[in-house]
Amino acid sequence: MSRRLRVSLGVLGIVLAGVIALAATGQLRLPAGLTGNTASAEGWTPPTTAWGDPDLQGIYNYGTSTPLQRPAQVGGKQVMSDEEAEQLQEDLAFRLDRDRRDGGAQADVSRSYNDVWMDPARMRLTADKRTSLIVDPPDGRIPPRVERQLTPADKLAQAEADMSTRRFNTGFQESYKDMDVGNRCIIRRRNEGGGHPYLPAIYNNMAQIFQSPGYVVIYSEMIHFARVIPVDGRAPLPDGVETWLGDARGRWEGNTLVVETRNFIAPDDVGRTGVVYGNANPKTYRLVERFTRVSPETINYEVTISDPETWTRPFTIMVPWNKTNEQIYEYQCQELNYDMYHWLHGAREREKRGERFDPNAPDARVEGDGG
Amino acid sequence: MRPTRASRATVANPRIRRPRPGDLKVSGYREGYPMRITLTIVLAATVATAAVPVHAHHAFASEFDARKPVKFTGTVTKMEWINPHSWMHIEVKKPDGTVENWMIEAGSPNSLFRRGINKNTVKPGMVVVVDGYQARDGSRRANGRDVTLPEGRRLFLGSQGTGAPGDQK
Amino acid sequence: MGKRSNALIVVVIAAVAVVGIWLAMRLQGPAAAQVARPGQFPEYTPARTADGKPDLNGIWQSLTTANWDLEAHGAGPGAYPQMLGAWGAEPGGQSIVEGGVIPYRPESLARREANFENRAKPSVPGDGVEPSMGDPELKCWMTGVPRMMYMPYPLQIVQTPEAVLVTQEFNGNTRIVRMNWEEESPVDNTFFMGWNRGRWEGDTLVIDVTGLSDKNWLDRAGNFLSDAAHVVERLTAASPYHITYEATIEDPKVFSRPWKISFPLYRRMERDVQLMEFKCQPFVEELVYGRFTKKPTT
């Protein structure tokens, strides 16, 4: 080997060794543009944990007033101007002002409730002033549902679910099965962010992220659940193992934590709200979530929801998670759930007094998808 | 510490005027003004509808009766700052001298803890005024709309909810 | 003979010596093997996290029968032998209480007896039964502190400098231990998993627990705490596979003095071991709410 060649190989070797060493210690990161949704603040590099994983830790609030779906009337406008955003927030405050007493007892109670109990973050739009949380499809709307021919058994199930809702709405619940999964303290109602996907609800939009080697753990305040996400590449659980909150597997793609969740349960009697978002089919439902820290204060949370049996195409929602100085408190549920007794015993008492369930009573009206 | 939020425009407060479509005298708005206002009104309405169920909110009617408003002054005997709902227990002296024990339903206390509201805010022995709606089954239970504490502070302790996680809509 | 044959002899002797020593060592076995003795751990210096603290991360589980009864007990039939046979029977077990017996105030023993009598007759919140009846575990409640530490289910510790998360398979029993935290619990007699504040004393994690709900039990035998309870736990890594756990329980309304429990936690070593979800609410609804179901009209 010539001396010149030896020197060249030596330099190459040193350079390679350096690159390998940097990669091993986690100091080497792909430029933001190559890893997808990592729109970091100008020149900001996310920190890493001591063992080299991107550091997502902290306590976050994902409440916002930005609606999930873009209202049809805004004609496809994707982002509001500063003026519009400010006006909207003022208008919202007016609508939700508890000093208004118009609208009937229900609205009355709701406004007052909202004033005290609602998460104040719910009054604020996302910083990017989007007109919807849905970012894909581009129209900002949930895709159409798959048209299915209903079997007689489907129709019967729907009719029974409808009756169950009417019994609930009018206070004539027959059994615990007439309450939904949230009322029964099984899981938080899906369409309000029953843990994952994490979607803003009226309150308790809080989550805390912990990390240790091989794990990312997301603790949701409601209903007290620590979601342990292994990031060590292990295989998912086999298909026959069913769970209410799914079983998660995570991996890092650059600075983004990608989490895939499956193994959802399909029980017979969940009540009026389903196990998974949109009351989709738990067997074919898939959730892919992406967490990317884009600034010291914010994680961009993106979730793609799909179920070929339910929606004609997948859709993606983006909700910013904002770091907060506030703490998470225990959300006990089953332990001190007075409501189950009040509803059930209350219904039996009313029946003893001769009151009867009327499916056509004005308050029996059924909500869209059961909430 | 109460977090700051968008200033409240109330009917009584003329400081912030809600613009009406076609009102070209409102300052600060450029050409194309009605379109922009339509956008914000529509969006606000969407969000407000989601947060304030003007159409049927199941849980309220499933347990409480809008036709049975109640209002009384009582003494707090116990305050349960619990989930899914807090409960305030009060002793009410009726005009005829008899005493009744009522329980008043409230929401999830976690957001109150975050604002520094705690066991010292509502204590046994406090005299409070409660304004709400009674349970349908006739028991001494109410879904409170307003609670006024001794120093005149209003603390709403009514619950809108189904009694369970995620109640709203 | 010459230089070459001398060298050959030296090489052969050296080779034989090497083989001989190797054989001797193999026959002797590994050097200085230790005999394990229950109740003793050899001195151990734990692996450390980046911030210099003993690394307690991992999945752990205790192996006593304390969840049935903290005190020593013989085997028994359980609550429903006619239905559950050996599945539902109580195994015998030794006490994890230092001194063996829990130092109840005499007037508190009646409540323990009543708890045990009614352990399988669950009451529900709101039904007016005071104190509530039925073992909280049976009703799928979060079983609290210290009980979660000796329930027969794995728990995972996720340790960070600011907070330590301890989460268990049973009903997602979870608590967040805030490190070096001064703020007191905002409420009393409320938190099933307590208000947890931690600190390191040398290599021991000390957890101070207040704010506990008085509706929780310590075991299936009906041992209980009041709203005056104060629990202080100490966790120390004893080997790569063990944590020694101790808890001191102080509750002047129920007990005549503070008392202590202790036992090891064992590291779960199955490859790819994980906590499985155990949401028990659906399994107890019929038991707990079935009596309120509308009876069919005949």
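Here is how names work: the chains are called A, B, and so on, in the same order as the sequence lines, proteins then strands, and each is numbered from 1. Excluded from the calculations below are hydrogen atoms, water molecules and symmetry mates; all remaining heavy atoms, backbone and side chain alike, are included.
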Residue from C:Ile157, C:Val164, C:Leu165 scoring the most non-hydrogen pairs under 4.5 Å with chain A is C:Leu165

Answer key: most heavy-atom pairs under 4.5 Å with chain A among C:Pro125, C:Gly126, C:Ala50, C:Ala163 is C:Pro125

Turns out that what part of C:Val288 lies under 4.5 Å from chain A's heavy atoms comes down to neither

Applying a strict 4.5 Å limit to non-hydrogen atoms, the region of C:Pro136 in contact with chain A is neither

Taken in chain and number order and not counting sequence neighbours, the residues that satisfy side chain to side chain donor-acceptor pair (under 3.5 Å) with C:Thr204 are C:Thr236

* Counting heavy atoms not belonging to C:Tyr44, are there more than 12 under 6.0 Å from its OH? -> yes

Give every donor-acceptor pair between chain C and chain A closer than 3.5 Å, one pair per line, or write none.
{"residue": "C:Lys139", "atom": "O", "partner": "A:Gln334", "partner atom": "NE2", "Å": "3.0"}
{"residue": "C:Met142", "atom": "N", "partner": "A:Glu335", "partner atom": "OE2", "Å": "2.6"}
{"residue": "C:Arg178", "atom": "NE", "partner": "A:Gln327", "partner atom": "OE1", "Å": "2.5"}
{"residue": "C:Arg178", "atom": "NH2", "partner": "A:Gln327", "partner atom": "OE1", "Å": "3.1"}
{"residue": "C:Arg178", "atom": "NH2", "partner": "A:Ile328", "partner atom": "O", "Å": "2.8"}
{"residue": "C:Phe192", "atom": "N", "partner": "A:Glu330", "partner atom": "OE1", "Å": "3.2"}
{"residue": "C:Phe192", "atom": "N", "partner": "A:Glu330", "partner atom": "OE2", "Å": "2.7"}
{"residue": "C:Met193", "atom": "N", "partner": "A:Glu330", "partner atom": "OE1", "Å": "2.8"}
{"residue": "C:Asp272", "atom": "O", "partner": "A:Arg234", "partner atom": "NH1", "Å": "3.0"}
{"residue": "C:Val273", "atom": "O", "partner": "A:Arg234", "partner atom": "NH1", "Å": "3.0"}
{"residue": "C:Gln274", "atom": "OE1", "partner": "A:Arg249", "partner atom": "NH2", "Å": "2.8"}
{"residue": "C:Gln274", "atom": "NE2", "partner": "A:Asp247", "partner atom": "OD1", "Å": "3.1"}
{"residue": "C:Glu277", "atom": "OE1", "partner": "A:Trp244", "partner atom": "N", "Å": "3.4"}
{"residue": "C:Glu277", "atom": "OE1", "partner": "A:Leu245", "partner atom": "N", "Å": "2.9"}
{"residue": "C:Glu277", "atom": "OE2", "partner": "A:Trp244", "partner atom": "N", "Å": "2.7"}
{"residue": "C:Lys279", "atom": "NZ", "partner": "A:Ile186", "partner atom": "O", "Å": "2.9"}
{"residue": "C:Glu285", "atom": "OE1", "partner": "A:Arg184", "partner atom": "NH2", "Å": "2.8"}
{"residue": "C:Glu285", "atom": "OE2", "partner": "A:Arg184", "partner atom": "NE", "Å": "2.6"}
{"residue": "C:Glu286", "atom": "OE1", "partner": "A:Tyr176", "partner atom": "OH", "Å": "2.8"}
{"residue": "C:Phe292", "atom": "O", "partner": "A:Arg348", "partner atom": "NH1", "Å": "2.8"}
{"residue": "C:Lys294", "atom": "N", "partner": "A:Glu174", "partner atom": "O", "Å": "2.8"}

